Amino acid sequence: MIRHISRISSQFSKPFTVIIEGNIGSGKSTFLQHFENHKDVCVLSEPVEMWRNCAGHNLLANHYENPVKWSFTFQSYIQLTMLQRHTFVTSKPIKLLERSIFSARYCFIEQLFRRGTLEAPSVSVLNEWFKYVITKFDVSVDLIVYLRTSPEVVYERVLTRNRKEEQSVSLQYLKDLHDLHENWLFHKTAFSRPAHVLTLNADLGRLAIREEYQKCEDHLLSVTG
Ligand code: DCP
């Protein structure tokens with residue numbers, strides 16, 4: 001693997017950039033942990049801690065407590081933190097990002113719009129920012145890893161992890177987000193994909209999923225080797 005990564009490094013001035021996508025509770029953090037100790041991989045976990053503390057404000061909590069009032073603020077901040085992640089400079093040859101500015105727009109903002117939480121003018125403002133960012137900044141992606149799950153499985157995981165802000169997350173909420181991820185990344189009937197998609201079965205438990213992680217490592221080698 002390291003030999004291949006060195007080759008990638010010499011071929012590309014920009015790191016080979018992979019975004020990890022999937023429903024809430026699909027195991028993105030666990031997936032990233034698998035690569036965390038690799039010296040040639042820069043792992044950028046989702047900035048949930050930043051969302052919990054924007055100058056002292058817990059925007060994640062605000063969003064779930066009063067979505068109509070706060071989801072625009074929350075999604076605006078998410079767009080900024082995602083842009084910071086996409087443009088983060090690393091000397092490492094591979095960069096893995098948890099989520100992206102793309103899923104923020106195509107899954108979360110879209111879902112909030114469809115539920116009537118965000119109204120058309122607010123979505124238009126977020127969308128104008130989104131279009132500006134993706135044309136003026138280098139947010140290019142080389143591979144999308146889709147951690148594919150069933151809504152029922154992630155619902156159980158969300159209940160088990162019991163994150164205090166997520167108490168109001170319902171099975172229906174996860175089903176709606178699931179459908180948006182599916183149409184975008186699996187059926188490919190909605191929006192566009194910034195890169196090729198590698199789909200992994202993320203319903204599997206912690207042990208079995210290691211084989212799926214291996215598939216990803218192998219795929220990284222095959223597309224870059
Ligand atoms: N969130 C949101 N809008 C976004 C991104 C995330 O409302 N554009 C919310 C959904 C979750 C929390 O932020 O309540 C964290 O979401 P993720 O699914 O991105 O992260 P998880 O911690 O659930 O990931 P995993 O369990 O897969 O590691």
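Numbering starts at 1 and runs along the sequence shown. Since we're looking at a predicted model, the values are computed, not measured. Counting starts at 1 for both ligands and their atoms, following the listed order.
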N/O to N/O under 3.5 Å, ligand 1 against protein:
unit_1: ligand 1; atom_1: 3 (N); unit_2: Q75; atom_2: NE2; d: 3.0
unit_1: ligand 1; atom_1: 8 (N); unit_2: Q75; atom_2: OE1; d: 3.3
unit_1: ligand 1; atom_1: 14 (O); unit_2: Y64; atom_2: OH; d: 2.6
unit_1: ligand 1; atom_1: 14 (O); unit_2: E166; atom_2: OE2; d: 2.6
unit_1: ligand 1; atom_1: 18 (O); unit_2: K28; atom_2: NZ; d: 3.0
unit_1: ligand 1; atom_1: 18 (O); unit_2: R99; atom_2: NH2; d: 3.0
unit_1: ligand 1; atom_1: 19 (O); unit_2: E46; atom_2: OE1; d: 2.6
unit_1: ligand 1; atom_1: 19 (O); unit_2: E46; atom_2: OE2; d: 2.7
unit_1: ligand 1; atom_1: 19 (O); unit_2: R99; atom_2: NE; d: 2.5
unit_1: ligand 1; atom_1: 20 (O); unit_2: E46; atom_2: OE1; d: 3.1
unit_1: ligand 1; atom_1: 22 (O); unit_2: R161; atom_2: NH1; d: 3.4
unit_1: ligand 1; atom_1: 22 (O); unit_2: R163; atom_2: NH1; d: 3.2
unit_1: ligand 1; atom_1: 22 (O); unit_2: R163; atom_2: NH2; d: 2.9
unit_1: ligand 1; atom_1: 23 (O); unit_2: G25; atom_2: N; d: 3.1
unit_1: ligand 1; atom_1: 23 (O); unit_2: R161; atom_2: NH1; d: 3.3
unit_1: ligand 1; atom_1: 23 (O); unit_2: R161; atom_2: NH2; d: 2.8
unit_1: ligand 1; atom_1: 24 (O); unit_2: K28; atom_2: NZ; d: 3.1
unit_1: ligand 1; atom_1: 26 (O); unit_2: G25; atom_2: N; d: 3.2
unit_1: ligand 1; atom_1: 26 (O); unit_2: R161; atom_2: NH1; d: 2.7
unit_1: ligand 1; atom_1: 27 (O); unit_2: S26; atom_2: N; d: 3.2
unit_1: ligand 1; atom_1: 27 (O); unit_2: G27; atom_2: N; d: 2.8
unit_1: ligand 1; atom_1: 27 (O); unit_2: K28; atom_2: N; d: 2.8
unit_1: ligand 1; atom_1: 27 (O); unit_2: K28; atom_2: NZ; d: 2.8
unit_1: ligand 1; atom_1: 28 (O); unit_2: K28; atom_2: N; d: 3.2
unit_1: ligand 1; atom_1: 28 (O); unit_2: S29; atom_2: N; d: 2.8
unit_1: ligand 1; atom_1: 28 (O); unit_2: S29; atom_2: OG; d: 2.7

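Inter-residue side-chain proximity for L185 and T199 is flagged as unmet; no heavy-atom pair is nearer than 4.5 Å.
Panel note: side chain T17, backbone P15; a donor-acceptor pair is recorded below 3.5 Å.
Taking a cutoff of 4.0 Å between a charged side-chain nitrogen and a carboxylate oxygen, E46 and R85 do not qualify as a salt bridge.
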Atom pairs and distances, donor-acceptor, side-chain atoms in residues 122-130, under 3.5 Å, two or more places apart:
unit_1: S124; atom_1: OG; unit_2: A120; atom_2: O; d: 2.8
unit_1: N127; atom_1: OD1; unit_2: R105; atom_2: NE; d: 2.8
unit_1: E128; atom_1: OE2; unit_2: K131; atom_2: NZ; d: 3.1

Would you tabulate the side-chain donor-acceptor contacts of residues 187-194 under 3.5 Å, counting partners in other chains and residues two or more places apart, or write 'none'?
unit_1: R193; atom_1: NH1; unit_2: W184; atom_2: O; d: 2.6
unit_1: R193; atom_1: NH1; unit_2: A190; atom_2: O; d: 3.3

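Partners of R163 under the side-chain hydrogen bond (donor to acceptor under 3.5 Å, both in side chains) rule, at least two apart in sequence or in another chain, are E166.
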